[in-house]
Amino acid sequence: MVLAVLGLVVAATCLLPLGYVVVSSAQLGAGEAVDFLVRPRVGQLLWNTTRLLVAGVGLSVVIGVGCAWLVVRTNLRAGHLWHGVLAAPLAVPAFVNGYGWVSTTHAVQSYGGAVLVVSLSYYPLVYLPTVAALRRLDPGLEEVAAALGHGPVASFARVVLPAISPAVLGGALLVGLHLLGEYGALQILNYPTLTTGILDQYRTSFNGPAATLLALVLVAFCLLLLGVELLARGRRRHSRVGSGVSRTATRVRLGAWSPVVLTGVGGLVVLALGVPLASLGRWLVRGASTEFPLGDLVAATGTTVGLALAGGVVATIAALPVAWLAVRHRGLFATTLERSVYPANALPGIVVALALVTVSIRSVPALYQTVPLLVLGYVILFLPRAVVSVRGTLELAPPVLEDVARSLGCSDAAAARRVTLPLVLPGLGASLALVSLAVSTELTATLLLSPIGTSTLATEFWQKAYSVEYGAAAPYAALLILLSIPATWLLSRAANSSGLRSALRPLGAVS
Amino acid sequence: MTAGPGRAAGLRVQGLRKSFGDTVVLDGVDLDVPDGITAVLGASGCGKTTLLRLVAGFLEPDGGTITIGDRMVAGGGRPVPARRRRVGYVPQEGALFPHLDVSANVAFGLARGERRSARVREVLDLVELPSSVAHRQPHELSGGQQQRVALARALAPQPGLVLLDEPFSSLDAGLREDTGRAVARALRASGSTAVLVTHDQGEALSLADQVAVMAAGRFLQISPPGEIYLRPASPEVAAFVGHATQLRGTAGGRTARCDLGELGLLADASGPVLIVVRPEQVNVIPDRSSGAGGADGADGVRAEVLDVSYFGHDATLRARIHDRDTVVISRVPAGGVPAPGTSVCLRVSGEVLAFPLEGPR
């Protein structure tokens, strides 16, 4: 009973941003809204967002699927090494990547440049699930296709591609949602989209109806993406039929193509990792010679770690009742609760932040620009990751173990302490880590929600990079990358091993 | 020396009722378990696991009483919680605590001071596990070993009653028999009273001192294994425990006439009856008469072999009686199994069971 109430509170909190957008848009007069939305500036933003979305998702899918196939299904030399390197761009936050490129060449401040930079940042979101799907794929399928007279190209198109399509679609959806929510990279690349437009409006008119209307349009875009993905996926289910040990598939021999492929993949890595890291290194050396604000760095790191841990702990605790109900009390109520947590994952950070700003000013002004509100924002944004981890770990502790403990003389509390808690502790730790790492590199919501005078690594970096103090920004960028490495490593390992695969689910949790 | 002090506690269940929503799972069940091993045998969904969970204290009954030893644990005021019932519980697939090694699993139910005592070694001995497994993790054990550890864990605090819920269903055939025998030996050596829930009749008949056959929330018969098989209380029990051919016939005193000829009966009967013939009672003799359509000779009833399932040590065949639709199951020795399609003679040896048929049809 208590659990159900707690679960309801958590779910309602997660639906708050969505509710805010709908309600406050409905409060605006229809005429006023239409007047605003037909302005040429808004049309420009819509066009920019759409063409970035189409090209960015397309390029990410081509790169992600291509690389996954090369690594898993061909005799590409040192495949494991390539796998790590190809997943690594995930550790470079997109706004740091944008900074790396812009501080190298201003040529990327264009449509083409924006597409290139965001695709290089986000293609791993397609690459990792595709690798996992390809590894899970029963090689027998291709053998059957070959026995039925299909060549390698035909069997890839008719058998492999349909089989891995849910993973690819899920990845493409994630890239799309990230592109819609991306602020930092696009702002620094000087490419205006709906999200950067919302922040501009927010800056000029603070909390006017304009920002809210743009947020509504942005949410509509997100829902559209979700719908398209759902339609494309259809009612297909792709599961392995039959059991038994899955064999490793025979790999395609690259032969004479080997040098071409190596050059291509190598070039990609140079663009995705080499350019931003080299640029960062250059500015680090140059910046360190002029100034190295150790005190500021330590302070920002301290604040970041503190906020990250707070977000991680609160999100994990909030995930507990939801996950517990979903695992132990399966049913319509629990499923609805669990599902209502996920939409926030599809909402851009800017919308969540805007909603919290407005709601707090209107109903609890004392909360506005406080740490609790900032942490609440993080929790709403990253709760799905926590729920997925906690849920996975609760499944490791079936109720029969508690039955046995009670038959051996344990009270309910003792059974929880001696059996359930030790079993779920590692999963709770994983949840804490995943959320904390996501919080530590979050920029958009932090900019809007953090109390005045709070400086985190991301906001400090942003302030300096945006005012073209590239050298001063470099140490912060380096620390941000360091913080992102553990989660990236975890995800790249998860794609390869079946036991860790649940760690990949946060990537696909929205679908 | 290794056995517990034999604080065996009998179990008595009276008028036990339990429903989940509109579904009646147990409909006034009575069961008396004196000591030794009692098997509750039934198809899945018959309510046997619910019965076990009620006795263990994981569920509360809607009505009726449960008495363990001389203590009423449910039905008389507040039910005694599971942790105070002194009942050992061995669930399906063992359910060992995955974060603890074997000895910590076994010691789980012991008081803090006893956990380091010789008791762990003692019960591991009892379930015939070498002490070298004591520090293995559960995932390093085979399925059969996991079950033995689960039993050792249940036996360690010297419970009066041990409940086993389909403990061998996840094991493969060979292992199942070995593990089952070892578990039965350990239970007997520890002097515990045990209730074993199973859907496997071979398991129930071979391991238990008493078998309780359950269907649709009620017990059909509670008897020793031999009696269950040879003297089933109803045609349902006869059909459920072991193969049987059921034929309609007409009885008059100690004999009855049916498609298999004139058969001797185990008990007097008269009028229309349902006759139950076990496969091993049907002897198959080569058909020596030539030409078809002849009357049944002294060798028995003529029949055509439909199909044969060959098991190595013996074979089961199905044969259709000439000019009838009746199909008879017979068990024949491995040597001299007739081929499908051949004509044979069937003769019943020994006396058979007959159940009166109620009302003409």
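Note on naming: letters A, B, ... go to the chains in the order of the sequence lines (proteins, then strands), and numbering restarts at 1 for each one. None of the values given here were measured: they were computed from a predicted structure.
By the neighbour-count criterion of 12 heavy atoms within 6.0 Å, atom CZ of B:R121 is sparsely surrounded, having that number or fewer from other residues, nucleotides or ligands. Heavy atoms from other residues, nucleotides or ligands lying under 6.0 Å from NE2 of A:H329 number more than 12. The 12-atom threshold is exceeded at CZ of A:R328, counting heavy atoms of other residues, nucleotides or ligands nearer than 6.0 Å. Atom CZ of B:R188 sits in a crowded spot, with more than 12 heavy atoms from other residues, nucleotides or ligands closer than 6.0 Å. The environment of CD in A:E402 is crowded: more than 12 heavy-atom neighbours from other residues, nucleotides or ligands sit within 6.0 Å.
With a 4.5 Å cut-off on non-hydrogen atoms, A:A414 does not touch chain B at all. In this structure, the portion of B:L96 lying under 4.5 Å from any heavy atom of chain A is its backbone and not its side chain. For a residue to count as touching a neighbouring chain, one of its non-hydrogen atoms must lie under 4.5 Å from one of that chain's; by this rule B:A56 does not touch chain A.
Two residues are said to be in side-chain contact when any heavy atoms from C-beta on lie closer than 4.5 Å; A:S407 and B:R83 fail this criterion. Residues B:R153 and A:V404 are in side-chain contact: their nearest non-hydrogen atoms beyond the backbone lie under 4.5 Å apart. Two residues are said to be in side-chain contact when any heavy atoms from C-beta on lie closer than 4.5 Å; A:L401 and B:P98 meet this criterion.
Between B:R53 and A:D403, at least one side-chain N (NZ, or NE/NH1/NH2) sits under 4.0 Å from a carboxylate O, which counts as a salt bridge.
Nearest approach of A:R406 to B:F58, heavy atoms of both residues: NH2-CD2, 4.0 Å. For B:P157 against A:L408, the heavy-atom pair with the smallest separation is CG-CD2, 3.8 Å.
The line from CZ of B:F97 to CG of A:L423 is 9.0 Å long, rounded to the nearest 0.5 Å.
The candidate with the highest count of non-hydrogen atom pairs below 4.5 Å against chain B, out of A:A405, A:A397, A:A415, A:P398, is A:A405.
The closest donor-acceptor contact from the side chain of B:H99 to the backbone of A:L421 lies at 3.5 Å or more, if one exists at all.
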